[in-house]
Amino acid sequence: MTDETKVKLEEAIVNLIKEYANKKRFKPGDVVKEMESKFSASGVTKDDVKTAIRDLTDSGRLIYGYAGGSFLALPE
Amino acid sequence: MSKKHKTPLLDELKKGKWPSFVNEIERAAEKSEMTDDLLGQVEQSYEEKVVHWKHGGMVGVKGYGSGIVGRFSDLPEKYPGIKEFHTVRINQPSGFFYTSDVLRSIVDIGEKHASSLFNFHGSTGDVQLLGAKTAELETIFQEYTKLGFDLGGSGSALRTPSCCVGKARCEFANYDAMHACNSITQAFQDEMHRPIFNYKFKFKFSACGNDCTASIARADLSVIGTWKDSIRIDQEAVKDYAKKFDLHKYVTDKCPTKCMSYNAEEGLKIDDSNCSKCMHCINTMPKALRPGTKGGATILIGSKAPMVSGPRLSMVLVPFYDIEEDAKNDYEWFKDLISKIWEFWDEYGVNRERIGELIQRVGIGNFIESIGLEPLPEMVASPRGNPFVLYEEYVEAGGEQG
Amino acid sequence: MAEVSGVKRITDIGPHDYNDFLHPVIKKNYGKWKYHEILSPSHMVHVSEDGDKIYTVRVGSPRLVSSSFIKDLCDLADKYSGGYLRFTTRNNVEFLLDKEENIKPLLDDVGKLNLPAGGIGNVVANIVHTQGWVHCHTAASDASGVVKSLMDELYEYYVNAQLPTKVRIAFACCLNMCGAVHCSDIAVLGIHRRPPRLIPDRIVNLCEIPSTIASCPTNVIRPDTYNGKPSVKLIEEGCVFCGNCFTVCPGMPIADPLNDGVSIWVGGKVSNARSKPAFSKLAVPFLENDPPRWPKVVEAVKTILDAYKKGAHNGERVGEWIERIGWPKFFKVTGFEFTKYHIDDFRLGEATLNYSAQIRQ
């Protein structure tokens with residue numbers, strides 16, 4: 001995965017969570033499936049998406065929430 | 001005694017011979033003022049017979065989706081000290097072994113930054129620090145990592161694996177459960193700290209069929225010690241036991257497969273090919289009998305508590321796994337099996353569905369086929385008794401297959 | 001590794017290596033133990049192939065403990081066991097001693113701290129339990145209080161071995177069952193009995209509707225709308241009071257002081273010895289919450305234990321005893337009423353019916 005794709009992937013993940021805020025709780029697994037298909041042409045793998053989620057949560061752009069199951073959310 | 005709150009109901013629980021958790025909360029409050037309000041709130045629960053904690057919330061340490069369980073009082077004005085009173089799960093060392101030095105350091109962090117109140121240990125196995133404020137979580141986390149301890153699992157993640165005392169202090173151990181538990185925990189740190197599963201997943205390692213970790217009742221993957229060769233017998237020690245109690249009544253007659261006999265002349269005889277490794281005779285005569293030397297493990301899958309579709313016990317997946325051999329290879333075979341199970345769960349499972357429930361839904365036959373295992377008679381108590389079989393093939397006239 | 005305000009954060013180091021905490025005698029004899037002998041309900045010895053010995057002194061803890069409690073234990077460990085100790089899965093503390101002569105003074109000091117030494121052999125083992133009202137939001141009962149009341153009453157069974165074999169009791173404060181409650185000799189389980197209350201404002205604002213609907217094991221949570229927003233409705237007749245919907249959706253609280261309480265289950269086990277592992281079965285469908293000491297729960301558990309002690313053969317677990325005498329006799333000797341709630345009508349429940357004419361008339 002190129003650096004450029006990585007940036008696009010991270011933006012797409014954040015936008016997905018933003019778009020569905022208060023409507024749907026995205027499990028990290030759902031995000032992986034969603035992004036794998038969205039970026040299939042760029043050769044993005046499951047591990048690439050997992051790494052992107054890890055970078056986004058490490059930097060604090062996304063946080064984990066829990067309500068009977070874990071999900072990704074924007075920081076409060 | 002609580003400084004701020006009157007607690008007549010809780011005070012009743014300071015009486016009696018068993019050590020009192022109320023005394024412990026009070027002792028914690030002497031070190032951490034915030035904990036005093038816990039006494040007030042629990043007293044109120046005792047008066048009203050209802051819980052006063054709110055639903056969780058968005059708390060954690062940066063980068064992890066695990067290890068912290070949010071806990072908020074629903075009476076924060078009345079009990080400000082426990083407005084935020086989160087659980088910090090600290091991954092225990094395998095076998096729950098400690099030195100006094102490290103234990104003091106573990107609880108010092110709780111005194112300095114939180115409630116001074118602990119579980120040694122929580123049901124899954126972690127040390128639990130009960131009662132940390134949100135603002136302190138990052139500091140607490142960093143203090144524990146400096147001490148060489150990390151957070152355990154929570155949420156839709158791999159939960160902290162746990163094991164029995166194993167070879168460290170038990171002659172019944174058929175494999176090195178502590179080593180396996182520690183190695184597997186280290187191998188899957190990412191799956192433990194960054195929830196990506198449909199729901200929780202638990203490993204428990206017990207080194208014999210006595211199953212001191214209760215793995216068969218509460219682990220998605222239960223690894224239970226067994227052996228291939230013969231029970232080791234010290235006939236002289238058997239004779240000593242025969243002097244103490246009726247060996248027929250308490251040992252041979254209780255053998256579930258009736259694979260053993262005893263008389264004074266010939267001693268104890270065991271048909272090991274018919275022994276189901278239940279441990280009864282060994283438990284009863286530990287000085288005389290030991291499991292064989294070709295140790296390994298049975299891998300079982302799918303046990304869980306009631307949520308969502310009812311409680312389950314684990315069922316046999318791999319009758320004999322040469323775990324000691326695989327340990328030499330850093331458990332590669334086992335890790336590969338786990339990956340296949342998780343891939344299947346990721347592909348076909350739904351939100352909050354445990355692996356045991358998924359297997360029930362799709363059928364065990366389909367599951368084992370998907371992860372590349374063969375159907376074996378050890379997996380069932382008996383073959384099916386009903387003729388509604390999903391035959392997958394039939395033959396057309398002329399020998400063609402349909 | 002991520003940085004927070006210039007500090008290098010340490011992450012994913014995993015659990016501390018247990019090898020750093022092992023007693024030298026344990027390290028030397030790791031995997032070389034030959035046999036063990038229970039010397040009393042509070043201590044045992046393990047002997048290795050080389051003849052080395054490690055003595056274990058077991059002490060009960062209330063599970064919920066202060067830092068001061070742990071430091072008391074540390075002081076005892078420094079004085080008598082070279083600083084080495086461990087915990088058991090049932091919240092006992094074990095001091096690991098290489099000097100036999102230290103056992104008695106250690107037990108004396110344990111007594112001075114008013115801690116119980118015991119829990120080994122044919123005893124009531126320490127009761128494993130959950131958080132209850134002290135630290136859980138889904139609790140239908142307190143845990144620590146019921147367990148304290150039970151252990152006060154069963155104290156003699158912990159410190160003296162006087163039962164046919166070991167008895168494992170467990171307590172869970174709701175059906176989430178943190179711990180293996182459902183496979184215990186005697187299990188006490190917190191239960192709700194009234195369907196959740198629906199708070200529409202909270203449901204539409206705080207809950208994810210599809211997962212709330214999916215959380216119901218009997219499919220009685222159905223889609224609905226509230227002020228034009230997706231919400232849920234509940235068909236109360238089909239509710240089994242599991243509380244799973246509340247776990248997923250804070251708008252459906254199920255706790256109710258008048259109707260919450262505990263149920264009692266018997267005859268489960270996890271060990272493979274003799275008989276296969278088994279679920280605990282329903283003995284008492286409901287006892288009300290009666291804090292601070294839950295006298296009816298204590299009495300019911302005592303009734304089961306007394307009947308077991310009187311009726312079981314040596315070496316028989318509670319479930320094995322009941323299998324031998326039959327369930328009708330269990331209800332007769334305990335005096336518990338058998339009701340329609342005892343007959344399983346949930347999924348897989350059919351397997352529990354009696355398809356034979358084998359009856360002890």
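Sequence lines set the chain letters: A, B, ... in the order given, protein chains first and strands last, and positions in each chain run from 1.
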Checking heavy atoms, do the side chain of [X], its backbone, both or neither come under 4.5 Å from chain B?
{"X": "C/Thr247", "value": "both"}
{"X": "C/Asn19", "value": "neither"}
{"X": "C/Glu153", "value": "neither"}

Could you label the plane-to-plane angle of the [X] and [Y] rings as parallel, tilted or perpendicular, counting under 30° as parallel and over 60° as perpendicular?
{"X": "B/Phe120", "Y": "C/Phe87", "result": "parallel"}
{"X": "B/Phe172", "Y": "C/His36", "result": "perpendicular"}
{"X": "B/Trp53", "Y": "C/His135", "result": "perpendicular"}

Side chain, backbone, both or neither: which part of B/Leu38 has a non-hydrogen atom closer than 4.5 Å to chain C?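 Side chain only.
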Residue B/Tyr250 versus chain C: region with a heavy atom under 4.5 Å: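 Answer is side chain: those atoms of B/Tyr250 sit under 4.5 Å from chain C.
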Applying side-chain hydrogen bond (donor to acceptor under 3.5 Å, both in side chains) to C/Ser211 and B/Asn351, what does each step give before you reach the verdict? CA-CA 8 Å; C/Ser211 53; B/Asn351 192 23; 4.7 Å; no
Spacing of [atom1] belonging to [X] relative to [atom2] belonging to [Y], to within rounding of 0.5 Å:
{"X": "B/Lys167", "Y": "C/Lys32", "atom1": "NZ", "atom2": "NZ", "result": "12.0 Å"}
{"X": "B/Glu24", "Y": "C/Arg63", "atom1": "CD", "atom2": "CZ", "result": "13.5 Å"}
{"X": "C/Arg274", "Y": "B/Ser276", "atom1": "CZ", "atom2": "OG", "result": "12.0 Å"}
{"X": "C/Leu115", "Y": "B/Lys17", "atom1": "CG", "atom2": "NZ", "result": "13.5 Å"}
{"X": "C/Thr11", "Y": "B/Gln189", "atom1": "OG1", "atom2": "CD", "result": "9.0 Å"}
{"X": "B/Ile109", "Y": "C/Ser67", "atom1": "CD1", "atom2": "OG", "result": "12.0 Å"}

Stepwise side chain to side chain contact (heavy atoms under 4.5 Å, CB included) check, C/Ser271 with B/Met279: CA-CA 9 Å; C/Ser271 138; B/Met279 294 298 296; over 6 Å; no
Are B/Phe97 and C/Ile26 close enough, and set up right, to give a side chain to side chain contact (heavy atoms under 4.5 Å, CB included), and what steps lead you there? CA-CA 11 Å; B/Phe97 281 94; C/Ile26 283 182; 3.8 Å; yes
Is the closest side-chain heavy-atom distance between [X] and [Y] below 4.5 Å?
{"X": "C/Leu64", "Y": "B/Leu130", "value": "yes"}
{"X": "B/Asp176", "Y": "C/Tyr30", "value": "yes"}
{"X": "C/Asp72", "Y": "B/Arg27", "value": "yes"}

Just do the ring-ring contact (aromatic ring centres under 6.0 Å, His included) check on B/His55 and C/Phe246 with the steps written out, would you? CA-CA 9 Å; B/His55 227 267; C/Phe246 177 61; 4.8 Å; yes
As an exercise: rank B/Phe245, B/Phe85, B/Phe188 by heavy-atom pairs under 4.5 Å with chain C and give me the winner.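 Between B/Phe245, B/Phe85, B/Phe188, the count favours B/Phe85.
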Return the option, out of B/Gly148, B/Cys212, B/Gly152, B/Ala168, with the maximum number of heavy-atom pairs under 4.5 Å with chain C.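 Counting heavy-atom pairs under 4.5 Å, the top option is B/Ala168.
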Atom NZ of C/Lys71 with >12 non-hydrogen neighbours under 6.0 angstrom: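 Yes, the 6.0 Å shell around NZ holds more than 12 heavy atoms from other groups.
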